[in-house]
Amino acid sequence: MGITKNEQGYYKMLEFPPGSIQDLYARQGIEMTVVHNIFLRALNSILYHTPKVTQKDIPSFMKYCQALGFAIHHHHTNEEELHFPLLEKKMGKGAMSTNIAGHEAFHGPFDEFRALVDKIAANPSTWDPKPFLAAVAKFADPLTLHLYEEIGTLDAEILKKTLTIEDLDHCNKEVEKNIQQHYGLTTVLPLFIVNQDNISGGWLLPIPWIGRAIVAWGIVPWGAQWKYGTATGWGDLKPEFSWMACPPWTP
């Protein structure tokens, strides 16, 4: 699968694999698609905002970039140290090796990008959009290719060959527990909400209405970094990013 971009050079969203989230086998690829599309929206938002950032915006924009950097880093560390080993206990050693190779393809330039973000955050006077965009470009294509290709390794029919429902349920619970331990309510979780598409992926974060209200009214407006997201604090895509909606889909 190759990388696809629109006429403006932004990365296109992944289409959902077949199946229903009521089927735990199909849900693995569907959930991963939702997460990967959140990362793609956030990446596109960085490409969109970089030429528009003013000097006073730099601290908040760097916080936003740091949040994405941490989220992607943790997501892949979680896969390599927990998620994939749990799957490979049943699927066989090396079953997820292509995904590990996909991580390795972008880790070098991605780490360089994160270091650059930290440097600018510490000294905003070093901001220069041209080398910043160049740093993004070095990791964006290999990262996006990996986000596209990984979904196929979680195909429901492949998983059914070696994994039971109990195996998947245990794996999901362990992964979710790890995420809850590392994603701060005010530092990382809002990144997912302000780059969500409620129409196709709002079910992924089963936050009750009062929780949504706290995020939308109490966290997102007070964190200047979240204004760079592609969606509102309620997870509704902003008009300028409406093209990043996925086709309407009923779980």
**Student:** Roughly how far, to the nearest 0.5 Å, is the OG1 atom of T126 from the CD1 atom of I58?
**Tutor:** 8.0 Å
**Student:** Taking everything shown except K89 itself, do over 12 heavy atoms lie less than 6.0 Å from its NZ?
**Tutor:**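 Counting neighbours around NZ of K89, 12 or fewer heavy atoms of other residues, nucleotides or ligands fall under 6.0 Å, so no.
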**Student:** Look at the side chain of E88 and the backbone N and O of A95, then say whether any donor-acceptor pair between them is shorter than 3.5 Å.
**Tutor:**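 Between the backbone of A95 and the side chain of E88 there is a qualifying donor-acceptor contact (under 3.5 Å).
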**Student:** I need the minimum non-hydrogen distance between M91 and T162, along with the two atoms involved.
**Tutor:** CG-OG1, 3.3 Å
**Student:** Is it the case that the side chain of K52 and the backbone of Y48 share a donor-acceptor pair, with hydrogens and angles ignored and the cut-off at 3.5 Å?
**Tutor:** yes
**Student:** Quick one: pull up CH2 in W243 and CG in N44 and give me the separation to the nearest 0.5 Å.
**Tutor:** 4.5 Å
**Student:** Does a donor on one side chain and an acceptor on the other come within less than 3.5 Å for Y11 and D141?
**Tutor:**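 Present: a donor and an acceptor within the cut-off.
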**Student:** Are M32 and R27 packed together at the side-chain level, in the sense that at least one heavy-atom pair is separated by less than 4.5 angstrom?
**Tutor:**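 Side chain of M32 against side chain of R27, heavy atoms only: no contact under 4.5 Å found.
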**Student:** Would you check, one step at a time, whether the test salt bridge (charged side-chain N to carboxylate O under 4.0 Å, His left out) holds for K173 with E176?
**Tutor:** CA-CA 5 Å; K173 287 178 178 177; E176 184 176 341; over 6 Å; no
**Student:** Please round to the nearest 0.5 Å and tell me the distance separating atom CG of L237 and atom OG1 of T230.
**Tutor:**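 With rounding to 0.5 Å, CG (L237) is 5.5 Å from OG1 (T230).
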**Student:** Enter the distance from H36:NE2 to R41:CZ here, rounded to the nearest 0.5 Å.
**Tutor:**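 One finds 13.0 Å between NE2 of H36 and CZ of R41.
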**Student:** Ring centres under 6.0 Å, that's the criterion: do W234 and W217 meet it?
**Tutor:**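 Close enough - the centres of the two rings lie under 6.0 Å apart.
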**Student:** Strictly by modelled atom types, are T164 and D167 linked by a side-chain donor-acceptor pair under 3.5 Å?
**Tutor:**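 Result is yes, a qualifying pair exists.
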**Student:** What is the distance from atom CG of L82 to atom NZ of K177, rounded to the nearest 0.5 Å?
**Tutor:**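 Those atoms lie 9.0 Å apart.
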**Student:** With the side chain counted from C-beta on, respond yes when F61 and I46 share a heavy-atom pair under 4.5 Å apart, and no when they do not.
**Tutor:** yes
**Student:** Could you list the donor-acceptor pairs under 3.5 angstrom formed between side-chain atoms of residues 100-113 and any protein atom two or more places apart in sequence or on another chain?
**Tutor:**
from : atom 1 : to   : atom 2 : distance (Å)
H103 : ND1    : E80  : OE2    : 2.6
H103 : NE2    : E79  : OE1    : 3.0
H103 : NE2    : H146 : NE2    : 3.2
E112 : OE1    : K138 : NZ     : 2.9

**Student:** Just by distance, with hydrogens left out, do N178 and H74 show a side-chain donor and acceptor under 3.5 Å apart?
**Tutor:**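 Per modelled atom types, N178 and H74 side chains form a pair under 3.5 Å.
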**Student:** Determine the minimum heavy-atom distance between I38 and Q196, stating which atoms define it.
**Tutor:**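 Shortest heavy-atom contact: CG1-CA, 4.3 Å.
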**Student:** Quick one: does N37's side chain get under 4.5 Å of D197's, heavy atoms only?
**Tutor:** no
**Student:** With distance as the sole criterion, is a donor-acceptor pair present between the side chains of T54 and D57 under 3.5 Å?
**Tutor:**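 Result is yes, a qualifying pair exists.
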**Student:** Please determine which of Y10, Y64, Y228 meets the side-chain hydrogen bond (donor to acceptor under 3.5 Å, both in side chains) test together with S45.
**Tutor:** Y64
**Student:** Hey, what's the ring geometry for F39 with H76, parallel, tilted or perpendicular (30° and 60° as the breaks)?
**Tutor:**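 Ring orientation of F39 relative to H76: tilted.
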